[in-house]
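Structure first, then comments.
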Amino acid sequence: MSINYNILIIDSIHEKLVEELTFTGFNCSYRPEINKNEILKIIPDYDGLILRSKITIDKIFIDNAKKLKFIGRVGSGLDNIDVKYAEKKGIKCLNSPEGNRDAVGEHTVSLLLSLFNKICLSNCQVKSGQWKRETNRGIEIKNKTIGIIGYGNMGSAFAQRLRGFEANVIAYDKYKTNYSDQYVTESTLNTIFEKTDILSIHVPLTEETYYMVNNEFINSFKKDIYLINTSRGKVVKTDDLVSNLKSGKIEGAALDVLEYEDNSFENLHSGKFPEAYKILLESNNVIITPHIAGLTNESKIKLSEVLAKKIISLIK
């Protein structure tokens, strides 16, 4: 059965997505090797577009996509898509954050544990022949106040996984209310500033959140804090992060994302390092992972399954 919808898939994805869409009757063209110029030439022939982060979907692209009914992103963030303009043109934008929320929640906990227990540092020391115990004394999570900013799929998944640590978990979300439960206490931003020991960021990248974590924001906290960011790199202004690491206002940071990433996430080391990035690399109280919080074997499948269901539901 054909639904007479032609879908172009321009990134490598789990085969489950193509299988489910094809079984339902969609005509899928799987072209992960295609470049942007080629995409622009053929996109007028397609009703749907599926991608990860290969290209930016801007106004020029959208105006060229005359038949497009939806854009599906295999992942959580939609910051590489001009969603407002797309929806103004009648194009529905879909994503699948439910597919990697568990992965992000677990990775965020692992970053916190690694930071507090100096796992990365002591591992490297032991493997280089050093056996340093006292200088690697850790910190316990119990009785600390963990402040979460952004309480959607990722923030709530992190809170759920903190339950057994006996920490005080509070959260602020500008766009949600009445979400206090056994995992978290809904709080104001002022309460986050007053009580937080560990800050975890779980917001999308928008005009509102661009460089949200800057010098003014950081110095609004009553205590010195630890910072975890598994959201988007440009939510944190790296120069201000570094200056506050130097001053001790930020006692340590765990970052899965960096503001220097390009859309493919893979070419950071191809050019000259920014000075602030060099300092992060050299800091023993900073852990950096390469934007992998949402990448697990399980999430690769779930991201595709969730997006397939949303596309099928939208069209049917």
Side-chain angles (χ1 to χ4, degrees), residues 101-102 104-120 136-204 209 211-232 235-237 240-257 283-289 293:
R101 69 184 303 276
D102 295 327
V104 172
E106 291 184 15
H107 191 88
T108 310
V109 171
S110 72
L111 286 175
L112 177 55
L113 288 169
S114 296
L115 187 64
F116 267 28
N117 293 286
K118 303 183 181 179
I119 301 296
C120 299
N136 285 312
R137 190 178 288 273
I139 302 168
E140 296 178 9
I141 297 173
K142 183 177 180 178
N143 295 327
K144 300 293 189 298
T145 296
I146 301 174
I148 297 173
I149 295 185
Y151 202 68
N153 281 288
M154 310 309 170
S156 60
F158 177 48
Q160 289 168 13
R161 283 150 183 81
L162 290 170
R163 187 177 184 187
F165 288 97
E166 298 182 56
N168 175 34
V169 184
I170 59 177
Y172 169 73
D173 192 310
K174 184 176 180 179
Y175 299 100
K176 294 185 74 175
T177 56
N178 301 319
Y179 53 84
S180 292
D181 55 22
Q182 69 268 39
Y183 306 116
V184 71
T185 300
E186 181 180 349
S187 303
T188 65
L189 187 57
N190 285 335
T191 301
I192 296 284
F193 286 145
E194 181 182 352
K195 295 185 177 180
T196 295
D197 298 299
I198 304 151
L199 177 68
S200 191
I201 304 296
H202 298 275
V203 296
T209 62
Y211 279 174
M212 178 185 79
V213 182
N214 56 21
N215 193 59
E216 180 182 0
F217 180 91
I218 293 166
N219 283 282
S220 296
F221 286 85
K222 181 178 180 180
K223 306 176 188 178
D224 297 339
I225 62 169
Y226 290 85
L227 173 68
I228 307 171
N229 185 19
T230 55
S231 60
R232 284 292 183 264
V235 171
V236 176
K237 188 172 184 180
D240 290 357
L241 167 61
V242 166
S243 65
N244 283 281
L245 282 164
K246 288 180 177 179
S247 72
K249 182 63 183 176
I250 293 181
E251 297 188 89
L255 312 169
D256 183 56
V257 288
S283 300
N284 288 333
N285 60 340
V286 175
I287 296 173
I288 304 172
T289 53

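Values below: every heavy atom of this structure, side chains too, minus hydrogens, waters and symmetry copies.
- Ser200 is linked by a side chain to side chain donor-acceptor pair (under 3.5 Å) to His202, counting only residues two or more places apart in sequence or in another chain.
- Thr230 and Asp256 form no side-chain donor-acceptor contact under 3.5 Å, judged by distance and modelled atom types alone.
- Around the CD atom of Glu216, the shell of radius 6.0 Å holds no more than 12 heavy atoms that belong to other residues, nucleotides or ligands.
- Applying the ring-ring contact (aromatic ring centres under 6.0 Å, His included) criterion to Tyr179, with sequence neighbours excluded, gives Tyr151.
- Residue pairs meeting the side chain to side chain donor-acceptor pair (under 3.5 Å) criterion with at least one member in residues 183-197, sequence neighbours excluded, are Thr188-Thr191, Asp197-Lys223.
- Side chains of Thr289 and His107: a donor-acceptor N/O pair is present below 3.5 angstrom, by distance only.
- Side-chain atoms of Arg161 and Thr108 include no donor-acceptor pair closer than 3.5 Å.
- In this model, a donor atom of one side chain and an acceptor atom of the other lie less than 3.5 Å apart for Asn219 and Asn215.
- Between Val184 and Ala171, the closest heavy-atom pair is CG2-CB, 3.4 Å.
- Of the possible donor and acceptor atoms, none in the side chain of Ser114 sits under 3.5 Å from a partner among the backbone N and O of Leu111.
- Counting only heavy atoms from C-beta outward, the side chains of Leu227 and Ile218 never approach each other to under 4.5 Å.
- Side-chain atoms of Lys249 come within 3.5 Å of backbone atoms of Phe221 as a donor-acceptor pair (strictly under, hydrogens ignored).
- Judged purely by atom type and a 3.5 angstrom limit, Asn285 uses its side chain to pair as donor or acceptor with the backbone of Glu251.
- Annotation: side chain of Leu115 is not in contact with side chain of Ile139 (no heavy-atom distance under 4.5 Å).
- Here the closest non-hydrogen pair linking Ser231 and Ile201 is OG-CG2, 3.4 Å.
- Between the side chain of Asn229 and the backbone N or O of Arg232 there is at least one donor-acceptor pair closer than 3.5 Å.
- For Gly152 against Asp173, the heavy-atom pair with the smallest separation is N-OD2, 4.0 Å.
- Side-chain contact check for Ile141 versus Ile146: some heavy-atom pair is nearer than 4.5 Å.
- Under the 4.5 Å side-chain criterion, counting only non-hydrogen atoms from C-beta, Phe165 is not in contact with Leu112.
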